[in-house]
2 protein chains.
Amino acid sequence: MKTALVIGTGLIGTSAALALARRGVTVHLADHDTEQVRTAAALGAGTGEPPEGPVDLCVVAVPPTYVAATLADAMRRGAARGYLDVASVKGGPHRELEAMGDLDLTAYIGTHPMSGRERSGPLAASADLFEGRPWVLTPTRDTDTHVLNLALELVAQCRAVPVVMDADAHDRAVALVSHMPHLVSSMVAARLENAEETAVRLCGQGIRDVTRIAASDPRMWIDILSANPGPVADLLADVATDLESAVTALRELQSADESKRRDGATGVESMLRRGNAGQARVPGKHGTAPTVYEVVAVLIDDQPGQLAHIFADAERAGVNVEDVRIEHATGRQAGLVQLMVEPRAAAQLAVALRERGWSLRQQ
Amino acid sequence: MKTALVIGTGLIGTSAALALARRGVTVHLADHDTEQVRTAAALGAGTGEPPEGPVDLCVVAVPPTYVAATLADAMRRGAARGYLDVASVKGGPHRELEAMGDLDLTAYIGTHPMSGRERSGPLAASADLFEGRPWVLTPTRDTDTHVLNLALELVAQCRAVPVVMDADAHDRAVALVSHMPHLVSSMVAARLENAEETAVRLCGQGIRDVTRIAASDPRMWIDILSANPGPVADLLADVATDLESAVTALRELQSADESKRRDGATGVESMLRRGNAGQARVPGKHGTAPTVYEVVAVLIDDQPGQLAHIFADAERAGVNVEDVRIEHATGRQAGLVQLMVEPRAAAQLAVALRERGWSLRQQ
């Protein structure tokens, strides 16, 4: 690929343009907001000048509602040899393009880079935005191989990991791993809105993790959910059914009848075991099966540099810390640092840290 | 307090005994499992010999189902001047004791140390187990002040943070901040059990956080939920109602009728905003209002010592890292380290890390 046209210079478009420009591709930038084009160009993402002829690849990175119209316009004026969009939902835009009837869809491929970010706009962009993240490609049987290869080249230049899926399967998948969990997290968090202060004081790491994503921007999520309401509603309805079963099982646990109590316990247990089985499938580090690390827990006070010293001491002991979690104490200037290491390295690390005066908590 | 009797030498009982023994209290240990008593005594938690006369405080740390009977037995033989239990549910045991009719409940106080742990048994115990964690005390109007003070002394010696609550309010509070979120997390995770592999590959940090606690031991959670089914069922039923409303709102978003679509968007938005409001109440570091930190994000490869070097460089820059999160890349030996620092220190840290050759990602 030698030339590209990026339409839409927000976070995703500018980041993709930066990655292409960094690798020597001539990138032309377009946006209805010319100020954003100037910003993106100033960051080194390309030029605001229009291309003189058709480019190799046209990347459409506009909000979901404008995707089909923007693509159709670019295709009708023959702007490029291949076209792709990066919208977070894939079935709808493709059907809209088909419905137009006059477009050569062999030159188009729908894609979705999975790079969660809280901020938007070209100033938040970075050529590294997609590094190591899945980038879904949804070719159909009509997609030209040359166009698929252009998309794969973009993904490689962004150092993302290509994942090929059917468009509707993609929409159901993101509903499952992102949209449904987001709404459920909001609904758990919502129960705290009017809770008593003493109850809220008892929150621990569990509810903190479950509700973390409930802090996201509602306007962005309205857009995301509006583009994929069907699959999300189906999944939420399934979760609601499970919840009703859990309520029934818990009420049985309150029963005076022992056989009912047994039924209740069986019902709750099967739900917990299904949760175990599902959780075990969530990919861990490096996208493979979850690695089981051993935890070495160190008590720290809140003096500057404590973390630096722990990590330096771990390095001196020749142990690679794979992951870290900090649990903060309630109402005290102290915390617990959990260092996750390969099981065979845990004992060695514990001994080394104790020798250097750290206070360890057994896990 | 000079003498104590700890009945039940599992994780909680042995940890409390260790904390008391460390501060010079003579601790007598009892358990129907004499092997556990020997283990706890060998760890320095006290003596397996029975006390010669009444002790100052009797701590009952047996499984929830045995709490009332064990307390009644100790009280009837006048084992101590004050009695407390540490079960995770408080209303039921108190009512059981009242129903016995012959006990002097002025000498009893129900308590609950909030120290989440995955492991059990005396070998997992530690005098630091309760450090900085809330320890709920549920005195009634009948509780003798002397007994309340004995309980406060135990909490102080364990360096926990005392929180006084009504017993039933406690049970509703733990249902809210712990039991309900646990079951909901299991139900989200359960949806992954039979999901397609390509969908599961798209999991990101959001669903990873939401489902983390779904990995817990089902047997332990059956016990916890069986002791508090009513409040948990009530809250799950509320969440189910919210879920049904969300399903309705999402179906409206699919409608051909524009005013219905507007209703749907309003419904989803209000749910997301309630989630924002609830999440904002979750206590952050040190149990106070959530502190807003600035994030400095650093790309690392997976070489040993990378974290140590980042932290050492942060320290050299005079910046205290308040919290840290590692986001692992999919399918690559690399990751993103998010350093949370005081807003005024963020720019300084970013400059220092860039100078030392780190690759930063804008947030």
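Computed over heavy atoms, backbone and side chain alike; hydrogens, waters and symmetry mates excluded. Below, chains carry the letters A, B, ... as their sequence lines are ordered, and counting in each starts from 1.
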**Q** Side chains of A:Glu244 and B:Glu244, heavy atoms from C-beta outward: is any pair under 4.5 Å?
**A** yes
**Q** Which atoms of A:Leu202 are under 4.5 Å from chain B, going by heavy atoms: the side chain, the backbone, both sets, or neither?
**A** both
**Q** Working to the nearest 0.5 angstrom, can you tell me the gap between A:Asp238 CG and B:Arg191 CZ?
**A** 4.5 Å
**Q** Go through the atoms of A:Glu196 and report whether side chain, backbone, both or neither lie under 4.5 Å from a heavy atom of chain B.
**A** backbone
**Q** Quick check on A:Gln254: does its CD atom have over 12 non-hydrogen neighbours (other residues, nucleotides or ligands) under 6.0 Å away?
**A** yes
**Q** Working to the nearest 0.5 angstrom, can you tell me the gap between B:Asn228 CG and A:Leu253 CG?
**A** 11.0 Å
**Q** First locate atom CD1 of B:Ile207, then atom CD of A:Gln279, and finally report the distance between them rounded to the nearest 0.5 Å.
**A** 10.0 Å
**Q** Among A:Ala312, A:Ala190, A:Pro181, A:Ala173, which residue forms the greatest number of heavy-atom pairs with chain B at distances under 4.5 Å?
**A** A:Ala190
**Q** With a 4.5 Å cut-off on side-chain heavy atoms, are B:Asn276 and A:Glu193 touching?
**A** no
**Q** Heavy-atom distance under 4.5 Å to chain A: side chain of B:Ser185, backbone, both or neither?
**A** side chain
**Q** Kindly determine whether A:Leu272 and B:Ile222 satisfy side-chain contact (heavy atoms from CB on, under 4.5 Å), including the steps that lead there.
**A** CA-CA 8 Å; A:Leu272 294 166; B:Ile222 276 286; 4.2 Å; yes
**Q** Is there a side-chain contact (heavy atoms from CB on, under 4.5 Å) between A:Val282 and B:Leu192? Walk through the geometry before answering.
**A** CA-CA 8 Å; A:Val282 177; B:Leu192 295 174; 3.5 Å; yes
**Q** Would the distance check show the side chain of B:Arg281 and the main-chain N or O of A:Ala195 forming a donor-acceptor pair, the cut-off being under 3.5 Å?
**A** yes
**Q** Taking side chain as everything from C-beta outward and backbone as N, CA, C, O, which of these in A:Ser359 sits under 4.5 Å from a heavy atom of chain B? Side chain, backbone, both or neither.
**A** side chain
**Q** Can you find a heavy atom in the side chain of B:Val184 that is under 4.5 Å from one in the side chain of A:Met187?
**A** no
**Q** Please state whether the side chain, the backbone, both or neither of A:Leu235 comes within less than 4.5 Å of a heavy atom of chain B.
**A** both
**Q** Of the listed residues (A:Ser186, A:Ala199, A:Pro218), which shares the most heavy-atom pairs with chain B below a 4.5 Å separation?
**A** A:Pro218
**Q** Backbone N or O of B:Pro283 within a donor-acceptor pair of the A:Arg208 side chain at under 3.5 Å?
**A** yes
**Q** Atom CG of A:Leu250 and atom CE of B:Met180: how far apart are they, to the nearest 0.5 Å?
**A** 12.5 Å
